[in-house]
Amino acid sequence: MKNTFRASLALSLSLLGCSHSHPASTTPAPLAAETPAQHDARMAWWRDARFGMFIHFGLYSSAGGNWKGQTTPSAGEWLQDHFKIPADEYERALLPAFNPTQFDAKKIVQVAKDAGMKYIVITSKHHEGFCLFDSRYTDFDVRVAPFHRDIMKEMAAAAHAAGIQICWYHSIMDWHQPLAKGETFPLYRDGILRPELRELLTNYGHIGVLWFDGEWIKEWTEDQGKALYAELRKIQPDLIINNRISKARAGMQGINKYQGAGDYSTPEQQVPKTAPAGDWETCMTMNDTWGYKFSDHNWKSTPTLIHTLVDVASKGGNLLLNVGPTGQGLIPDASLDRLAAIGAWMKINGDSIHGTTRSPFPDQPSYGRITAHDKTLYLHLFNYPADGKITLPPTSAHLLTAHLLASPSIVLTFPTPTTLQLPGTAPDPIDTVLALTYDTTPTP
């Protein structure tokens, strides 16, 4: 029963008041060393995916960035922090309002699939501490809200049925739990955080990624991150975990300052100017907020989003593009329109994104970007040349064929070994993709 959690929490606090000692953290045995081949096999689906959907959903979604008639200037999911709302007041105001009766996991998964996305990362718990799943270790979860239903269960079932990788975002920081601060943090870590994560990895089938956040709090350390990484990988050995389980990332740039725990780096709201080493993923909003905010209409255009996806892929990264459902559980129309347009482009040009690797050439061409797959280069023309000619990237590989990816029957000619002749007008005003096949893998 949920009320047993409150009783155990009260007991823990009373015991803590009598003593400053903490229960020792259960440290798992060291994770067996992974060979480079095993690591590559574990990361293979994620590297091939290149494009995923981020979903920020919680109690804050019902508020829509508004508190007592005031609109937060920050992101919607940071409402509690901006207005310094006490946890009990926040719960009393927003828990009864969480009833997203129009939430439909199957529709959301289909939207992602139609957009060309291969995985979904949804907030199982954001910083507010509210769990979108039924947990034995908190009474602040979806089952005590009017909605009652386990959203993680529905999302996992829909994703697995559609062949989409389902992944969980989980916050290390928790504004709701009184134990999650200062000297009581070990009680929170071992009695709530770790058990919640075990539930998420044992009750919902195969999970592709655990996406951590909130690791910047002073109570969290690199050693705790490494221990947790080992524990979670023992539960699901194929699990991929981002670098925010550790303390290594360099702020919003997201790239590791040193070799910390985690499998990939996480730039936020930005794309590195040059291709970083290793695996990485840019997470980005379509407007200015992650969680739904009714007043935020600063939407990025479809061309900007497509160019961002291509830019990321050309540098060997993934794009995790966010949607923030409303309090009713609906993805805003502006997001749906953009995802549909991206999906139309991906239906024709997806081969130039999925399964590709970073451009082998260090410099970005003036006309756009380059992605690669085996012996094929994909030239993405953001800026279509007025004279209809493209100078090919310098390589010792011999060019065999060239065609428009959208129209393979339209074969392009190369009047010189370094020049490609194009149609007079751009077939695609956003990004015309050329497929160039060589006799061997092109290198500079």
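Heads up: numbering here begins at 1 and tracks the sequence.
- Using a distance-only test at 3.5 Å, with no hydrogens or angles considered, no donor-acceptor pair links the side chain of Thr371 to the main chain of Thr356.
- Between the Thr432 side chain and the Leu381 main chain, no donor and acceptor come within less than 3.5 Å of each other.
- You'll find the side chain of Arg249 stays beyond 4.5 Å of the side chain of Ile255, heavy atoms only.
- With a 4.5 Å cut-off on side-chain heavy atoms, Thr441 and Asp374 count as touching.
- In this structure, OG on Ser61 lies 10.0 Å from CZ on Phe130, to the nearest 0.5 angstrom.
- Defined by atom type and a distance below 3.5 Å, a donor-acceptor pair is present between the side-chain atoms of Thr304 and Ser301.
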Inset, instruction - Starting from the C-alpha separation in whole Å, work towards a yes-or-no answer on side chain to side chain donor-acceptor pair (under 3.5 Å) for Tyr229 and Asp263. - result: CA-CA 10 Å; Tyr229 178 92; Asp263 297 309; 2.7 Å; yes
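- For the pair Asp311 and Arg369, the salt-bridge criterion is met [side-chain N within less than 4.0 Å of a carboxylate O].
- No option in Phe133, Phe212, Tyr204 other than Tyr204 meets the ring pair (Phe, Tyr, Trp, His ring centres under 6.0 Å) test with Trp168.
- Note that the CD1 atom of Ile390 and the CD atom of Gln421 stand 10.5 Å from one another [nearest 0.5 Å].
- Arg233 and Glu34 are joined by a salt bridge, as a carboxylate oxygen and a charged side-chain nitrogen come within less than 4.0 angstrom of each other.
- Between Glu219 and Ile172 the shortest side-chain heavy-atom distance does not fall below 4.5 Å.
- Side-chain N or O atoms of Thr416 include one that pairs as donor or acceptor with a backbone N or O of Thr419 at under 3.5 Å.
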Inset, instruction - Apply side chain to side chain donor-acceptor pair (under 3.5 Å) to the pair Tyr119 and Asn318, showing each step before the final yes or no. - result: CA-CA 11 Å; Tyr119 61 109; Asn318 287 12; 3.3 Å; yes
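- Distance check: Cys283 SG to Leu321 CG gives 10.5 Å after rounding to the nearest 0.5 Å.
- Side chain of Asn322 to main chain of Trp290: a donor-acceptor pair is present (N/O by atom type, distance under 3.5 Å, no hydrogens or angles).
- A heavy-atom distance below 4.5 Å is not found between the side chains of His170 and His126.
- Between the side chain of Lys389 and the backbone N or O of Leu422 there is no donor-acceptor pair closer than 3.5 Å.
- Using a cut-off of 4.0 Å between Lys/Arg side-chain N and Asp/Glu carboxylate O, Arg244 and Glu268 are scored as salt-bridged.
- Among pairs with a residue in residues 57-79, those fulfilling salt bridge (charged side-chain N to carboxylate O under 4.0 Å, His left out) read Lys68-Glu89, at least two apart in sequence or across chains.
- Separating the OG atom in Ser352 from the CG atom in Leu379 is a distance of 10.5 Å, to the nearest 0.5 Å.
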For residues 94-113, which side-chain N or O atoms pair as donor and acceptor with protein atoms under 3.5 Å away, sequence neighbours left out?
| residue | atom | partner | partner atom | Å |
| --- | --- | --- | --- | --- |
| Asp104 | OD1 | Lys106 | N | 3.1 |
| Asp104 | OD1 | Lys107 | N | 3.1 |
| Gln110 | NE2 | Asp114 | OD1 | 2.9 |
| Lys113 | NZ | Ala162 | O | 2.8 |

Legend entry - Derivation of the side chain to side chain donor-acceptor pair (under 3.5 Å) call for Tyr169 and Asp213: CA-CA 8 Å; Tyr169 165 113; Asp213 199 15; 2.8 Å; yes
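- With rounding to the nearest 0.5 Å, the separation of CG in Leu132 from CZ in Phe147 is 9.5 Å.
- Between Met284 and Lys300 there is a side-chain heavy-atom pair separated by less than 4.5 Å.
- Between the side chains of Gln269 and Thr285, at least one donor N or O lies within less than 3.5 Å of an accepting N or O.
- Judged purely by atom type and a 3.5 angstrom limit, Thr418 has no side-chain atom pairing as donor or acceptor with the backbone of Thr391.
- Using a 4.5 Å heavy-atom threshold, the side chains of Trp46 and Asp48 count as separate.
- Remark: side-chain polar atoms of Asp134 are not paired, donor with acceptor, to backbone N or O of Arg143 under 3.5 angstrom.
- Looking at Gln253 and Pro272, their side chains never come closer than 4.5 Å, going by heavy atoms from C-beta outward.
- A salt bridge links Lys125 with Asp174; the closest basic N to acidic carboxylate O contact falls under 4.0 Å.
- One N or O on the side chain of Asn383 and one on the backbone of Ser366 form a donor-acceptor pair closer than 3.5 Å.
- Thr72 and Ser74 share a side-chain donor-acceptor pair at under 3.5 Å.
- Listed by chain and number, the residues in a ring-ring contact (aromatic ring centres under 6.0 Å, His included) with Trp345 amount to none (sequence neighbours excluded).
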Legend entry - Audit row: His176, Glu128, side-chain contact (heavy atoms from CB on, under 4.5 Å) steps and yes/no: CA-CA 6 Å; His176 184 77; Glu128 66 179 4; over 6 Å; no
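- The nearest pair of heavy atoms linking Ile207 to Cys167 is CG2-CA, 4.1 Å.
- The distance between the ring centers of Phe54 and His56 falls below 6.0 angstrom.
- Under the 3.5 Å distance criterion, the side-chain polar atoms of Asn242 are left unmatched by any main-chain donor or acceptor of Tyr264.
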Legend entry - side-chain contact (heavy atoms from CB on, under 4.5 Å) evaluation trace for Ser335 with Trp299: CA-CA 8 Å; Ser335 294; Trp299 298 98; 3.3 Å; yes
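- Residues meeting the ring-ring contact (aromatic ring centres under 6.0 Å, His included) test with Phe51, sequence neighbours left out: none.
- In this structure, OH in Tyr60 is found 16.0 Å from CH2 in Trp67, a value given to the nearest 0.5 Å.
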Inset, instruction - Apply side chain to side chain donor-acceptor pair (under 3.5 Å) to Glu281 and Thr266, showing your working. - result: CA-CA 5 Å; Glu281 170 194 74; Thr266 52; over 6 Å; no
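- Within the 4.5 Å cutoff, the side chain of Gln224 has heavy atoms near those of the Phe185 side chain.
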Side-chain polar contacts of residues 151-161 - donor-acceptor pairs under 3.5 angstrom, sequence neighbours left out - could you list them?
| residue | atom | partner | partner atom | Å |
| --- | --- | --- | --- | --- |
| Glu154 | OE1 | Arg149 | NH2 | 2.9 |
| Glu154 | OE2 | Arg149 | NE | 2.7 |
| His160 | ND1 | Ala156 | O | 3.0 |
| His160 | NE2 | His206 | O | 2.9 |

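- Heavy atoms from other residues, nucleotides or ligands lying under 6.0 Å from NE2 of His373 number 12 at most.
- Between the side chain of Asn298 and the backbone N or O of Asp288, no donor-acceptor pair lies under 3.5 Å.
- Qualifying ring-ring contact (aromatic ring centres under 6.0 Å, His included) partners for Tyr292, counting only residues two or more places apart in sequence or in other chains: none.
- Comment: Asp279 engages Arg47 in a salt bridge, judged by a side-chain N to carboxylate O separation of less than 4.0 angstrom.
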